[in-house]
Protein chains: 2
Amino acid sequence: MTDTPDNLRLNQQLCFSLYSASRALTGLYRELLAPLGVTYPQYLVLLALWEKSPLTVSELGAQLQLDSGTLSPLLKRLELLGLLSRNRADHDERVVLVALTERGTALRAEAVTVPDAITEAIGLERAQLIGLRDQVEDVADRVRTAIPTENAKTR
Amino acid sequence: MTDTPDNLRLNQQLCFSLYSASRALTGLYRELLAPLGVTYPQYLVLLALWEKSPLTVSELGAQLQLDSGTLSPLLKRLELLGLLSRNRADHDERVVLVALTERGTALRAEAVTVPDAITEAIGLERAQLIGLRDQVEDVADRVRTAIPTENAKTR
DNA sequence: CGCTTTTAAGTTGAGCACAACACAATCGTG
DNA sequence: CACGATTGTGTTGTGCTCAACTTAAAAGCG
């Protein structure tokens with residue numbers, strides 16, 4: 001609890017570096033994904049669907065930590081691109097099933113070079129990669145549990 | 001150069017964790033800054049100005065890695081809030097000097113609790129904080145130099 | 001000095017992120 | 001079964017982010 005002013009500053013620097021790194025990465029993905037005609041968040045949706053199609057909007061939201069306010073228009077754009085379809089589930093009319101189209105499935109082949117380019121740009125060894133990922137996830141988890149409104153929802 | 005599929009996956013996970021952590025942090029700042037009526041990017045501008053008051057738009061852009069397309073409307077909103085002023089420099093009419101108003105300066109007092117709350121939420125020791133910050137900055141730097149368009153500009 | 005080039009900010013348009021709200025389908029409980 | 005609560009998705013409004021373009025001022029150069 002006895003935080004030096006210096007530690008407060010370090011925390012701010014960490015926050016900014018995460019904010020800045022995230023934007024830089026999105027920029028790199030922008031270049032790499034331009035040939036495919038999709039954005040980074042759209043690519044994340046495709047990654048999820050390449051693992052398992054169909055997924056519901058909620059399932060996608062849970063994986064990407066995005067709500068329907070973000071996903072609905074994003075999925076609509078991907079549908080317009082002909083990469084996926086959206087259909088109400090038979091068993092529950094509230095649920096929308098998001099499924100890859102043939103074209104969406106095929107796009108995977110064009111995306112194979114993306115991870116390599118990212119890997120090269122980041123240029124970290126396996127061990128460092130794991131360490132950094134775990135630390136960042138740890139911070140994110142702690143921050144998420146610290147957000148008051150999230151906790152207020154008595155789930 | 002011989003990357004296993006597993007390493008490709010790790011890199012993707014790192015990218016996503018950075019993207020996700022950044023958004024989680026912005027969410028926490030949203031709660032903390034709500035009483036002040038500013039957003040996280042706006043808060044970053046104020047932090048810079050609390051260090052040194054007038055700053056040009058370019059100087060702010062260099063510090064925050066944001067271009068005028070983002071800063072211009074953001075600064076306009078802060079001006080509308082009465083927190084800062086924008087005036088063309090005498091010596092060079094192209095340059096806009098962004099300066100804190102009295103109210104903008106005073107807001108610093110209300111913001112003192114923010115860094116403590118962030119520090120508590122993140123809950124890392126000094127050494128880990130430094131290590132993580134440096135690693136993340138390192139990744140961001142490497143990614144930035146890997147973006148083709150940035151390099152293309154023969155500055 | 002004129003004229004081209006460069007530079008600083010601003011504008012526009014597309015997409016993302018999220019809060020707040022809307023609405024219909026389903027669930028739960030009496 | 002009825003009816004209030006919950007759930008899944010969508011809509012609206014505000015703000016951020018960036019690419020591409022515009023405009024005006026300044027700098028550089030023959």
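All values below come from the heavy atoms of this structure, side chains included, with hydrogens, waters and symmetry mates left out. Note that the structure is a prediction, hence the values are computed from the model and not measured. Every chain is numbered from 1, with letters handed out A, B, ... down the list of sequences.
Heavy-atom minimum distance, Tyr29(B) versus Val114(B): CE2-CG1, 3.9 Å. Closest approach of Thr119(B) and Asn7(A) over heavy atoms only: OG1-O, 4.5 Å. Between Tyr43(B) and Ala111(B), the shortest heavy-atom distance links the atoms CE1-CB, 4.4 Å. Closest approach of Arg144(A) to Ser20(B), counting heavy atoms only: NH1-OG, 3.2 Å.
Each of His91(B) and Gln65(B) has a nearest nucleotide on DNA chain D; the 5'-most of these lies closest to Gln65(B). Map Asp90(A) and Gln42(A) each onto its nearest nucleotide of DNA chain C; the residue landing nearer the 5' end is Gln42(A).
Between Asp67(B) atom CG and dT17(D) atom C1' the separation is 8 Å, expressed in whole Å. dG15(D) atom P lies 17 Å from atom CG of Leu66(B), rounded to whole Å. The distance between atom CG of Leu64(B) and atom P of dC18(D), rounded to the nearest whole Å, is 11 Å. Going from atom CD of Glu79(B) over to atom P of dG15(D) covers 15 Å, rounded to whole Å. Atom CG in Leu33(B) sits about 15 Å away from atom P in dG15(D), given to the nearest Å. The distance from atom OH of Tyr29(A) to atom C1' of dT17(D) is 18 Å, rounded to the nearest whole Å. Distance CG (Leu28(A)) to P (dC18(D)): 13 Å, rounded to an integer number of Å. Spacing between atom CG of Leu78(B) and atom C1' of dG15(D) amounts to 12 Å, rounded to whole angstrom units.
Using modelled atom types, no side-chain atom of Ser22(B) and backbone atom of Ser22(A) make a donor-acceptor pair closer than 3.5 Å.
A salt bridge does not link Asp6(A) to Arg9(A): none of the charged nitrogens lies less than 4.0 Å from a carboxylate oxygen.
Nearest to the side-chain atoms of Thr39(B) among the listed nucleotides dG15(D), dA17(C), dG15(C) stands dG15(D).
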Checklist outcome for this item: Contact string for nucleotides 8-13 of chain C, one letter per nucleotide 5' to 3', B = base within protein heavy-atom range under 4.0 Å, S = sugar-phosphate only, - = neither, reads SSBB--

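In this structure, Arg23(A) reaches the dC18(D) phosphate: one of its side-chain N or O atoms is under 4.0 Å from OP1 or OP2. Taking only side-chain nitrogens and oxygens, Arg30(A) never comes nearer than 4.0 Å to OP1 or OP2 of dC18(D). Contact annotation: Tyr40(B) does not reach the phosphate of dG15(D) (side-chain N/O to OP1 or OP2, under 4.0 Å).
Note on Leu81(A): it clusters hydrophobically with Leu100(A), by side-chain heavy-atom contacts below 4.5 Å among ILVMFWY residues.
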